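Here, residue 1 is the first one in the sequence, and each next residue gets the next number. Quick caveat, the model's predicted, so the values are computed rather than measured. Only this structure's heavy atoms are used, side chains among them; waters, hydrogens and symmetry mates stay out.
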Amino acid sequence: MKTRYVIMALTILLIFLTFRFLLPLVLPFVLAFLFAKAVSPIVHFLTDKLHWKHKVSAILVVVVTVAALAGFLIYVGSVVIGQLILLVQKAPVYQQMANQTLEDLCCQCDRVFEWTRGTSYAYVEAQSMKMYQELSNDIVPRMSEYAAKAFQWTAKAGAGLFIFFLSTLLILLDESFPKIRGKMRKITAKLKTAGLAYIKAQIIIIFIIAVIMSVGLMIMKNEYALLFGIGIAAFDAFPIVGSGIILVPWAILQIIGGNYFEAAVLITLFVVASFLREILEPKLFGKEIGMKPLFVLIAVYVGVELFGMAGIILGPVALTIIKAVDEVTKETVL
């Protein structure tokens, strides 16, 4: 029993050190390995069924799939950036509308509590100006620093993409790529049915929900349909919280404003997203994953605290690794 606890403690420590220090260095190679495993059935089909040469098949599959994926991401990214720029340009208009709504609410508060007209709004305005001043003093001096970091990140991303492309090609060209054996094979087998199943399922579900959200917002003639659709789909991946944290309050605001059609669309999107997740998760995860939503939520929270936004993915991945090691340890140690 003590041995099991020691193994689990060492596993947790090793995961933390790996994610914090090693993963940033080897991430392109890890992604290349996973991508190569994903497209390898296509390569085997071309070589075994159509009798193409292995080298030609590997090069063709990598070039076509990476080019298609890059083209799709560039197109989506350009649309999202365009909508984000439009949102920033129209920010003063939305700010004025928000101020008007806030002023109306404050006037109602003044009437309810029998205060002098403008008392609550003056207080809220003073607090808002104070917060805005603090943000301006903090953010504006760092804008050049953020721009430099963004340029560095873009350069690193380009280099990482090239390494990813080359590594994927080399992995597929190497027909004798070493296979995992021994006890590690048991762990990787469990990870394949749990951790990788979780990541694969989340990617598929997020993609489907993002498409549905974007189409629904287009029906509403929203100018930021793709931007908001992707954002809502990302929130939908959070356990318990889901897309309702955005769609339900938004629908309520639309009802208050008398926009019943838009409210109906938003509520429909929420129902459809919830229904799809309930249907797709069991089919994509299977019974093997066995992770309770509360544990996934804890893993996401701890992951974000330790690794930033990347922890949204790294947290559940770490949880599945710990779970897989624990199951193998029970089978071998006990």
Side-chain angles (χ1 to χ4, degrees), residues 80 82-143 146 209-210 212-275 277 293-294 297 300-301 304-305 309 312:
V80 169
Q83 293 182 359
L84 185 60
I85 292 173
L86 181 62
L87 179 61
V88 172
Q89 290 174 343
K90 292 190 175 182
V93 178
Y94 298 134
Q95 184 179 3
Q96 186 177 3
M97 293 170 59
N99 289 338
Q100 184 62 47
T101 303
L102 182 62
E103 186 175 358
D104 294 340
L105 291 174
C106 288
C107 289
Q108 294 179 13
C109 289
D110 292 339
R111 286 195 297 269
V112 170
F113 294 103
E114 297 182 353
W115 293 336
T116 304
R117 181 179 176 84
T119 301
S120 56
Y121 182 73
Y123 174 78
V124 172
E125 188 179 30
Q127 295 300 317
S128 300
M129 289 299 297
K130 181 180 178 182
M131 183 177 65
Y132 178 77
Q133 188 65 36
E134 291 177 354
L135 289 174
S136 299
N137 293 336
D138 184 53
I139 293 177
V140 173
R142 297 186 182 183
M143 289 301 293
Y146 292 153
I209 291 180
I212 293 173
M213 293 295 169
S214 299
V215 172
L217 294 177
M218 287 178 185
I219 294 174
M220 291 174 55
K221 297 182 179 179
N222 189 287
E223 296 178 300
Y224 319 105
L226 188 58
L227 176 64
F228 289 172
I230 293 174
I232 295 171
F235 268 96
D236 191 73
F238 283 86
I240 309 299
V241 178
S243 57
I245 195 172
I246 296 177
L247 293 177
V248 173
W250 192 357
I252 293 173
L253 290 175
Q254 293 293 339
I255 293 173
I256 294 173
N259 303 317
Y260 301 113
F261 173 76
E262 288 79 1
V265 172
L266 292 171
I267 292 175
T268 303
L269 289 175
F270 171 63
V271 173
V272 170
S274 302
F275 179 76
R277 184 165 286 277
L294 178 60
L297 183 62
V300 170
Y301 175 78
V304 171
E305 287 292 317
M309 293 304 294
I312 296 175

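- With no hydrogens or angles considered, a side-chain donor-acceptor pair links D110 and S120 at under 3.5 Å.
- Other residues, nucleotides and ligands contribute more than 12 heavy atoms inside 6.0 Å of the OH atom of Y94.
- For the atom pair CG (L217) and CG (L247), the distance works out to 8.0 Å, reported to the nearest 0.5 Å.
- In plain terms, the two heavy atoms of L227 and Q83 that are nearest each other are N-OE1, 2.8 Å.
- A distance of 5.0 Å separates OH of Y224 from CG of L87, quoted to the nearest 0.5 Å.
- In this structure, CD on E262 lies 11.5 Å from CD1 on I219, to the nearest 0.5 angstrom.
- Listed here is the closest heavy atom pair of L269 and M213: O-CE, 3.7 Å.
- W250 and M220 make their closest contact through CZ2-CE, 4.3 Å (heavy atoms, listed as atom of the first residue, atom of the second, distance).
- Distance check, rounded to the nearest 0.5 Å: CG of D236 to CZ of R277 gives 4.5 Å.
- When side chains are defined from C-beta on, R111 counts as touching C107, because their heavy atoms get closer than 4.5 Å.
- The shortest heavy-atom contact between I230 and S214 is N-OG, 4.5 Å.
- Rounded to the nearest 0.5 Å, atoms CE (M218) and CG (L226) are 6.0 Å apart.
- A distance of 11.5 Å separates CD1 of I246 from CZ of F270, quoted to the nearest 0.5 Å.
- The minimum heavy-atom distance linking I209 with A273 is given by the pair CD1-O, 4.1 Å.
- A donor and an acceptor atom, one from each side chain of D104 and Q100, are located under 3.5 Å apart.
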